Each structure stands twice: as structure tokens, then as C-alpha cells.
Amino acid sequence: MKRTLVLVRHGKSSWEDQGRPDRARPLAERGLRDAPLMGKRLAHDKVRPDLILSSPASRALSTAHIMAEVLGYPSGEIVTDERLYGSDAGVLLEVMGELGDGFRCVMLFGHDPELTDLAHRFSGKITRMPTCAVARFTFDAPSWSAAVSQPPLTAVLDYPKKR
């Protein structure tokens, strides 16, 4: 069975309010502009998520909501997972391995460096995920737990300034 994992780094965040806690940092104007652009690119490629998981940090969750709207995914069905904030690639692999096998396409919204590290594990060609980058991997696996231990069939990286 084909399974698609889409890793999305949050859009550019604002640093205007230095006293704001890291989790509460909102998207900057550029992040608000890039998120729908990347959502439209995914829609053009016919990406249809069955599940969207997001870090609870404001900038990641806002990026997820913007892209969900563009992709026609119900905003109220976005699931936040604490493990997607301030973790590492190993934790992200655990999250991936725990996904229900009924999901064919899953999007994870999170942060750097863990997203870059995970993307690099799946494709040595991916060494950096700029803000609002999207790394898409397709696996031929009977389950998500099987997918975590095999190389993807395809790996595609896109980001706002790429095109």
C-alpha cells in the first residue's frame, strides 16, 4: 500500500515581541504569505491528507490551519501532539510508527532541526528545510510502523523560494 508522509516546517515566525514565550511566537508577514502558497502547490500536486498532526506551537499550528484550508481539510480535525515540539528525529519516527494504518497521507507540521534531520534520514539529498519547506515521501508499506524502517520510493523537497 502506498503511504505518503508530508513534513512541513512552520512558516517564518515573528520576533517582534522578544518577551513572548517561544511557543507563542506567531507567523510573520512572510509566513502568512508563504503558507497558502505552499498549500496551493500541494493541492496542485493532488495531495489530500487523511490526517494532519501539528506541534502545539502557535507558528506551526497557524501554518497547519492555513494549509488545511487550502487543501480542503477540516480545520477542527487538526490534531496537536506535544511530541512535535522540541523533540528530535527519533521521536518523530515514533510518532510516525504509531499512526493508524487506515491513513494513507499524513502531514506533520513542526520545527527545525528535527524535521530536517528526519527528512535527511529518508533522503540524503535533503540537508536543509527552510521555513515553510515541504518534504514529501512515498512509501510502499503495509503499515506506518513498517514504513519507518525502509527507504521511501520517492522524496521531493519544495520551499517557497525554490520556484
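Keep in mind that this is a model prediction, so the values were computed, not measured.
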- Task: Not counting sequence neighbours, list each pair that qualifies as a salt bridge (charged side-chain N to carboxylate O under 4.0 Å, His left out) and has a residue in residues 103-114.
- Result: R9-D112

- Message: Do L108 and Y159 land in one hydrophobic cluster if side-chain heavy atoms of ILVMFWY residues count as linked below 4.5 Å?
- Response: yes

- Would you check if C132 and M67 make a side-chain contact, meaning some heavy-atom pair closer than 4.5 Å? yes

- Task: Would you indicate whether the side-chain heavy atoms of L51 and M107 approach each other to under 4.5 Å?
- Result: no

- Exercise: identify the closest heavy-atom pair between A35 and I66: CB-CG2, 3.6 Å

- Query: Which residues pass the ring-ring contact (aromatic ring centres under 6.0 Å, His included) test with F139, sequence neighbours left out?
  - Reply: F122

- Task: Examine distances only and state if a side-chain atom of S14 and a backbone atom of L27 form a donor-acceptor pair shorter than 3.5 Å.
- Result: no

- Query: Tell me, do L92 and S87 make a side-chain contact under 4.5 Å, heavy atoms counted?
  - Reply: yes

- Task: Check whether any side-chain N or O of R3 sits under 3.5 Å from a backbone N or O of F103 as a donor-acceptor pair, and report yes or no.
- Result: yes

- Message: Any heavy-atom pair between the side chains of P113 and M129 that's under 4.5 Å?
- Response: no

Acceptor/donor pairs from residues 145-153 side chains to any protein atom, 3.5 angstrom cut, sequence neighbours excluded:
residue, atom, partner, partner atom, Å
S145, OG, S143, OG, 3.0
S149, OG, A146, O, 3.1
Q150, NE2, D140, O, 2.8

- Message: Please report the interatomic distance CG(L7) to CD1(I126), rounded to the nearest 0.5 Å.
- Response: 8.0 Å

- Query: Do you know the tightest heavy-atom contact between T127 and T116?
  - Reply: O-CG2, 3.4 Å

- Item | Nearest non-hydrogen partners of R121 and L93, listed with the distance | NH1-CD1, 3.1 Å

- Does the side chain of D101 come within less than 4.5 Å of W144's, by heavy atoms? yes

- Would you find a donor on one side and an acceptor on the other, under 3.5 Å apart, between the side chain of D50 and the backbone of C105? yes

- Message: When you measure from the side chain of Y73 to the backbone of I52, do you find a donor-acceptor pair of N or O atoms at a distance under 3.5 Å?
- Response: yes

- Any salt bridge (charged side-chain N to carboxylate O under 4.0 Å, His left out) involving residues 66-87? Give me the pairs, sequence neighbours left out, ordered by first then second residue. R23-E82, D81-R83, R83-E98

- Note on the structure: Hits for ring-ring contact (aromatic ring centres under 6.0 Å, His included) against H111, two or more places apart or cross-chain, chain-then-number order -> H10, Y85

- Heavy atoms of D88 and G90 approach each other most closely as OD1-N, 2.9 Å

- Task: With sequence neighbours excluded, tell me which residues meet salt bridge (Lys or Arg N to Asp or Glu O under 4.0 Å) with R59.
- Result: D22

- Heavy-atom check, side chain of L71 versus side chain of L42, under 4.5 Å: yes

- Message: Using every non-hydrogen atom in the two residues, find where G11 and T63 come nearest and quote the distance to one decimal.
- Response: N-OG1, 3.0 Å

- Closest heavy-atom pair and its distance - L84, S54: CD1-C, 3.6 Å

- Item | Side-chain (K162) to main-chain (L157) donor-acceptor, under 3.5 angstrom | yes

